[in-house]
Q: 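Below you will find the structure I want to go over with you.
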Amino acid sequence: MTLRSVVLGCGSYLPRQILTNAELASRIDTSDEWIVQRTGIKQRHIAAEGEFTSHLAINAARAALEHAGVDAQSIDLIVLATSTPDNTFPATAVAVQNGLGIHHGAAFDLQAVCSGFVFALATADNFLRGGAYKRALVIGAETFSRILDWNDRGTCVLFGDGAGAVVLEAQQQGGAASDRGILTAHLRSDGQHKSKLYVDGGPSSSQTVGYLRMEGREVFKHAVGMITDVIVDALNATGLSVEDINWFIPHQANKRIIDASAHKLHIAPQKVVLTVDRHGNTSAASIPLALDVAVKDGRVKKGDLLLLEAMGGGFTWGSVLLRW
Ligand code: UT7
């Protein structure tokens, strides 16, 4: 017998306002054709004035609790992945905790940019398997629209706002790869690439929030290799093979990166969950948003093997294999 972090339910939230490529093309020197061809993105959601990351996260968390059929008071750990916190401190996770009426257990933020949800899942998994907590909310929530330079066409067309969440519970399982829950997680970072995707401000350096800056081509160049390496690590650690995977739910940065990664790993295109066309790149929120879509439309079924992966600023990258 072994303790595993089993997913009880998931939920997500998207701000109401949709920003289409056509609207962007009316403001800056870009086109729907360029954006779709280079990224697969057609539209993204933008948070309303006064709508913060914590608000998005609370809505996603409530949806996940409802889907799981559990009460907020049963949650004793909240790990919130975000690079766009409401404030420099306290952690946005405590605003979420308070918003849900929870006043026990622990809540903290985790910052690994686009890999944040994978890092947060792995972190919560370790706490649950170690026996420190029993039921966790793992959330990815972002308002990237607030850190975009809307005059930089190389970045502002790529990102959007949103949030997704899962409820995890520590459960005794048989200890085999056929178990439900998180089977393995593999996290990597390499700070030599930190200037290729960063925000040019912060409390300690500039005392400003700053704007997102990216050498897109450089990020692209490394993405597929890093993603596939860490997926191979996950498969090797479990003895599972690509054929065992039911659903590939990647970070939604760019359709070309997703297609190239799936192709390199011989993952069939019909097993790939794609939401980048509708959501854009929502950083730490993109995987739980895509997961929620595939669960709610009936694709993901109990017992299915899911492969999650992400790569982003830092660079950070990681993979999780979990059985639904
Ligand atoms: O989630 C975190 C990880 N981030 C990523 O995964 C992003 C990775 N990178 C990418 O997805 C791609 O590099 C981009 C989508 C950002 C860019 O695609 P690209 O094929 O690498 O284009 P590029 O940067 O090489 O630019 C090609 C051309 C340039 O013009 P010239 O120099 O060839 O005349 C750009 O100025 O496209 C131009 N360009 C645009 N044109 C129209 C750049 N942005 C735009 C735009 N509209 N929005």
Side-chain angles (χ1 to χ4, degrees), residues 19-44 81-84 111-120 140-145 147-162 164 187-191 193-199 211-231 249-262 264 272 274-277 279-290 308-319:
L19 178 62
T20 64
N21 290 350
E23 285 170 82
L24 276 169
S26 71
R27 295 186 208 165
I28 54 166
D29 183 15
T30 189
S31 65
D32 176 55
E33 192 193 3
W34 190 95
I35 301 171
V36 171
Q37 205 175 67
R38 302 286 177 135
T39 72
I41 299 167
K42 294 177 182 152
Q43 61 169 53
R44 68 288 290 144
T82 189
S83 301
T84 44
Q111 219 276 53
V113 205
C114 296
S115 308
F117 188 73
V118 167
F119 276 58
E142 303 279 17
T143 47
F144 258 51
S145 62
I147 54 164
L148 294 176
D149 173 351
W150 288 97
N151 295 312
D152 175 11
R153 68 176 184 171
T155 55
C156 77
V157 304
L158 305 173
F159 296 91
D161 301 337
L187 308 181
R188 294 286 311 278
S189 314
D190 186 350
H193 302 291
K194 68 186 176 63
S195 305
K196 292 178 179 135
L197 175 48
Y198 69 106
V199 170
Y211 291 108
L212 185 149
R213 306 291 173 204
M214 178 168 73
E215 293 175 40
R217 222 175 290 184
E218 278 296 308
V219 180
F220 203 116
K221 205 170 76 186
H222 289 88
V224 178
M226 288 175 162
I227 289 164
T228 50
D229 277 357
V230 84
I231 290 173
I249 309 182
H251 168 50
Q252 309 280 321
N254 186 320
K255 187 173 182 300
R256 286 156 60 209
I257 294 175
I258 295 171
D259 288 348
S261 306
K264 193 169 169 191
V272 182
L274 267 182
T275 49
V276 69
D277 55 335
H279 301 167
N281 180 348
T282 56
S283 189
S286 92
I287 292 174
L289 272 163
L308 319 181
E309 62 77 7
M311 182 267 180
F315 293 150
T316 54
W317 64 108
S319 64

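Values below: every heavy atom of this structure, side chains too, minus hydrogens, waters and symmetry copies. Computed from a prediction, not measured in an experiment: that's the story for all the values here. Start at 1 and go down the list; that is how both ligands and their atoms are numbered.
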Q: What distance do Asp149 atom CG and Arg213 atom CZ have between them, rounded to the nearest 0.5 Å?
A: 4.5 Å
Q: List the steps and the verdict of side-chain hydrogen bond (donor to acceptor under 3.5 Å, both in side chains) for Thr20 and Gln43.
A: CA-CA 4 Å; Thr20 64; Gln43 61 169 53; over 6 Å; no
Q: With a cut-off of 6.0 Å (strictly less than), are more than 12 heavy atoms of other residues, nucleotides or ligands near NZ of Lys42?
A: no
Q: Short N or O contacts of ligand 1 with protein, under 3.5 Å, listed by atom name?
A:
unit_1   : atom_1 : unit_2 : atom_2 : d
ligand 1 : 1 (O)  : His251 : NE2    : 2.9
ligand 1 : 1 (O)  : Asn281 : ND2    : 2.7
ligand 1 : 9 (N)  : Gly216 : O      : 3.0
ligand 1 : 11 (O) : Asn254 : ND2    : 2.6
ligand 1 : 13 (O) : Gly216 : O      : 3.1
ligand 1 : 20 (O) : Arg38  : NH1    : 2.8
ligand 1 : 20 (O) : Arg256 : NH1    : 3.3
ligand 1 : 20 (O) : Arg256 : NH2    : 3.4
ligand 1 : 22 (O) : Arg38  : NH1    : 3.4
ligand 1 : 25 (O) : Arg217 : NE     : 2.6
ligand 1 : 25 (O) : Arg217 : NH2    : 2.7
ligand 1 : 36 (O) : Arg153 : NH2    : 2.9
ligand 1 : 37 (O) : Trp34  : NE1    : 3.2
ligand 1 : 41 (N) : Trp34  : NE1    : 3.4
ligand 1 : 41 (N) : Arg153 : NH1    : 3.4
ligand 1 : 47 (N) : Thr30  : OG1    : 2.6
ligand 1 : 48 (N) : Thr30  : OG1    : 3.1
ligand 1 : 48 (N) : Arg153 : O      : 2.8

Q: Arg44 and side chain to side chain donor-acceptor pair (under 3.5 Å): which partner among Asn281, Asp277, Asn21?
A: Asn21
Q: If you count heavy atoms of other groups shown closer than 6.0 angstrom to CZ of Phe220, is the number above 12?
A: yes
Q: Would Glu142 and Thr84 count as a side-chain hydrogen bond (donor to acceptor under 3.5 Å, both in side chains) if you check the C-alpha gap in whole Å, the side-chain angles of each, and the deciding distance to 0.1 Å?
A: CA-CA 6 Å; Glu142 303 279 17; Thr84 44; 2.6 Å; yes
